[in-house]
> 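Please find one structure pasted underneath; my questions will follow.
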Amino acid sequence: MKLFHKSYKTLGLAVILFFAGITVSAQNSQKAKELLDQVSAKVKSYDNIQIGFTYSMQNLKQNINQESKGNLTLQGNQYLLNFMGITKIFDGKKNYTIVPEDEEITISNQDDNAVDGMSPAKMLTFFTSGFKYSWDIVQNVKGRKIQYVKLVPTNAKDYRKEVLIGIDAQTKHIYTMMEMNKNGSKTTITVNSFKTNQPISKNHFTFTQSKYPNYYINNLD
């Protein structure tokens, strides 16, 4: 009888701990979502955003270790991205990819139904749907408190295994994003500069074909 009573108590404790774990997990998930909602709201509050960033990709299996710098201007759903010698413009209707090395310009419609990947326009808000959230570690980076949130894609077809977003706890700006991909590669974007509400011309996101007289135009749509 004592043995039965002891086993019953052990089982009861295990059940309590199990449900306590569920409660803590739910609270952490909610806390993570609330922080990401604050980040998204902050991004949407600006007229425009200009960021300078460092992009790195590592794949130990394939002995790949690359790093490049770029800059991005965002205004609404429009953007202008300069990265790895390529300029990409989205004027709200069409994508223009300008490759000086090949003297080629590709024009295409925006694909809003892509299963995965991160479009420049959604670089700072891509996390608003399609992920499970959890609270992660906090780090001190040059005197800044960086709180990490882990995201796991809910779509099984997504090439990403998980994403870590590091958020400046004071400004609610994204400091870094790390993608751990199913193929074993890891990509990291670190924001080096973050400027908002800058004076930009009304033609900043306009593609002017006359600037590229000798370029081959590849119109996909």
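Not measured: the values here are computed from a predicted model.
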> Between the side chain of Ser29 and the main-chain N/O of Ser134, is any donor-acceptor distance below 3.5 Å?
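Side chain of Ser29 to backbone of Ser134, a donor-acceptor pair under 3.5 Å: no, none is there.
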
> Between Phe126 and Met177, does the side-chain contact (heavy atoms from CB on, under 4.5 Å) criterion hold? Intermediate values first, please.
CA-CA 11 Å; Phe126 74 95; Met177 292 174 284; 3.5 Å; yes

> Can you tell me if Lys195 has over 12 outside heavy atoms packed within less than 6.0 Å of its NZ?
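No.
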
> Could you give me the CA-CA distance, side-chain angles and deciding distance for Val39 and Phe127, then say whether side-chain contact (heavy atoms from CB on, under 4.5 Å) is met?
CA-CA 10 Å; Val39 172; Phe127 47 78; 3.8 Å; yes

> Verify the cluster assignment for Val191 and Tyr55: are they in a single hydrophobic cluster under the rule of side-chain heavy atoms below 4.5 Å apart?
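Yes, one cluster joins them.
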
> List the steps, then state whether side-chain contact (heavy atoms from CB on, under 4.5 Å) holds for Gln198 with Asp47.
CA-CA 8 Å; Gln198 297 298 296; Asp47 291 333; over 6 Å; no

> To the nearest 0.5 Å, tell me how far Met57 CE sits from Asn59 CG.
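Here the interatomic distance stands at 7.0 Å.
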
> Relative to the ring of Tyr46, is the ring of His173 parallel (under 30°), tilted (30 to 60°) or perpendicular (over 60°)?
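His173 and Tyr46: perpendicular rings.
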
> Give a yes or no on whether Tyr175 and Leu35 share a hydrophobic cluster (residues Ile, Leu, Val, Met, Phe, Trp, Tyr; joining criterion: side-chain heavy atoms under 4.5 Å apart).
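Different hydrophobic clusters.
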
> Which value, rounded to the nearest 0.5 Å, describes the distance between Thr188 atom OG1 and Gln58 atom CD?
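Reported to 0.5 Å precision, the distance equals 6.5 Å.
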
> Please tell me if the side chains of Ile105 and Val99 come closer than 4.5 Å, counting only heavy atoms from C-beta onward.
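No. Closest side-chain heavy atoms not under 4.5 Å.
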
> Hey, are Tyr212 and Glu103 close enough side-chain-wise for a donor-acceptor pair under 3.5 Å?
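Their side chains do not contain a donor-acceptor pair, so the 3.5 Å distance test is not met.
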
> Distance-only check: which donor-acceptor pairs under 3.5 Å involve side-chain atoms of residues 61-85, not counting sequence neighbours?
unit_1: Lys69; atom_1: NZ; unit_2: Thr54; atom_2: OG1; d: 3.0
unit_1: Asn71; atom_1: OD1; unit_2: Asn82; atom_2: ND2; d: 3.1
unit_1: Gln78; atom_1: NE2; unit_2: Asp91; atom_2: O; d: 2.9
unit_1: Tyr79; atom_1: OH; unit_2: Asn95; atom_2: OD1; d: 2.9
unit_1: Asn82; atom_1: OD1; unit_2: Thr87; atom_2: OG1; d: 2.8

> Report yes if the side chains of Tyr148 and Met178 come closer than 4.5 Å at any heavy-atom pair, otherwise no.
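Answer yes - side chains close enough.
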
> So, taking the atom named CD in Glu162 and the one named CE in Met180, what distance separates them when rounded to the nearest 0.5 Å?
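Interatomic distance, Glu162 CD to Met180 CE, rounded to 0.5 Å: 4.5 Å.
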
> If a pair satisfies side chain to side chain donor-acceptor pair (under 3.5 Å) and one of its residues is in residues 36-45, list it, with sequence neighbours excluded.
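Only Lys33-Asp37 qualify under side chain to side chain donor-acceptor pair (under 3.5 Å).
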
> Give me the atom names and distance for the closest heavy-atom approach of Ile146 to Asp168.
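For Ile146 versus Asp168, the nearest heavy atoms are CD1-CA, 3.9 Å.
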
> Please step through side-chain contact (heavy atoms from CB on, under 4.5 Å) for the pair Arg160 and Phe131, ending with a clear verdict.
CA-CA 11 Å; Arg160 295 165 291 194; Phe131 295 94; 3.8 Å; yes

> Does some side-chain heavy atom of Asn48 sit less than 4.5 Å from a side-chain heavy atom of Thr196?
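The answer is no, as the side chains (C-beta and beyond) never meet within the 4.5 Å cut-off.
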
> Could you walk me through whether Gln209 and Tyr215 pass the side chain to side chain donor-acceptor pair (under 3.5 Å) test, one step at a time?
CA-CA 9 Å; Gln209 188 171 333; Tyr215 279 52; over 6 Å; no

> Has Asp102 got a side-chain atom pairing as donor or acceptor with Glu104's backbone, closer than 3.5 angstrom?
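It does not hold such a pair.
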
> According to a hydrophobic-cluster definition based on side-chain heavy atoms being under 4.5 Å apart (Ile, Leu, Val, Met, Phe, Trp, Tyr only), do Ile167 and Phe53 belong together?
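Linked within one cluster.
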
> Does Ile200 share a hydrophobic cluster with Phe207, counting links as ILVMFWY side-chain heavy atoms below 4.5 Å and allowing steps through other members?
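Yes, it is one cluster - the side chains of Ile200 and Phe207 are joined through contacts under 4.5 Å.
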
> Kindly give the heavy-atom pair with the smallest separation between Phe205 and Ile89, and that separation in Å.
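Taking Phe205 first and Ile89 second, the nearest heavy atoms are O-CG2, 3.3 Å.
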
> Without hydrogens or angle criteria, can the side chains of Lys94 and Asn109 be said to hold a donor-acceptor pair below 3.5 Å?
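Yes - a donor-acceptor pair under 3.5 Å links their side chains.
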
> Just by distance, do the side chain of Gln147 and the backbone of Asp136 share a donor-acceptor pair under 3.5 Å?
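Yes, Gln147 side chain to Asp136 backbone: donor-acceptor pair under 3.5 Å.
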
> Is the number of heavy atoms from other residues, nucleotides or ligands under 6.0 Å of Lys186 NZ greater than 12?
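Atom NZ in Lys186 is not packed in, count stays at 12 or less.
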
> Between the main-chain N or O of Ile189 and the side-chain N or O of Thr176, is there a donor-acceptor pair closer than 3.5 Å?
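It does hold such a pair.
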
> Inspect the surroundings of CD in Glu101 and state if more than 12 heavy atoms from other residues, nucleotides or ligands are less than 6.0 Å away.
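Check fails, neighbour count at 12 or below.
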
> Rounded to the nearest 0.5 Å, how far apart are CD1 of Ile107 and CG of Leu220?
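If I round to the nearest 0.5 Å, the distance is 8.5 Å.
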
> For the hydrophobic clusters of this structure (ILVMFWY residues joined by side-chain heavy atoms under 4.5 Å, transitively), does one cluster hold both Ile137 and Val163?
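Per the 4.5 Å side-chain linkage, Ile137 and Val163 are not co-clustered.
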
> Nearest 0.5 Å please: distance from the CG atom of Leu36 over to the CG atom of Leu151.
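Going from CG on Leu36 over to CG on Leu151, the span is 6.0 Å.
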
> Where do Asn183 and Ser185 land on the side chain to side chain donor-acceptor pair (under 3.5 Å) test, with the steps shown first?
CA-CA 6 Å; Asn183 66 359; Ser185 65; 2.7 Å; yes

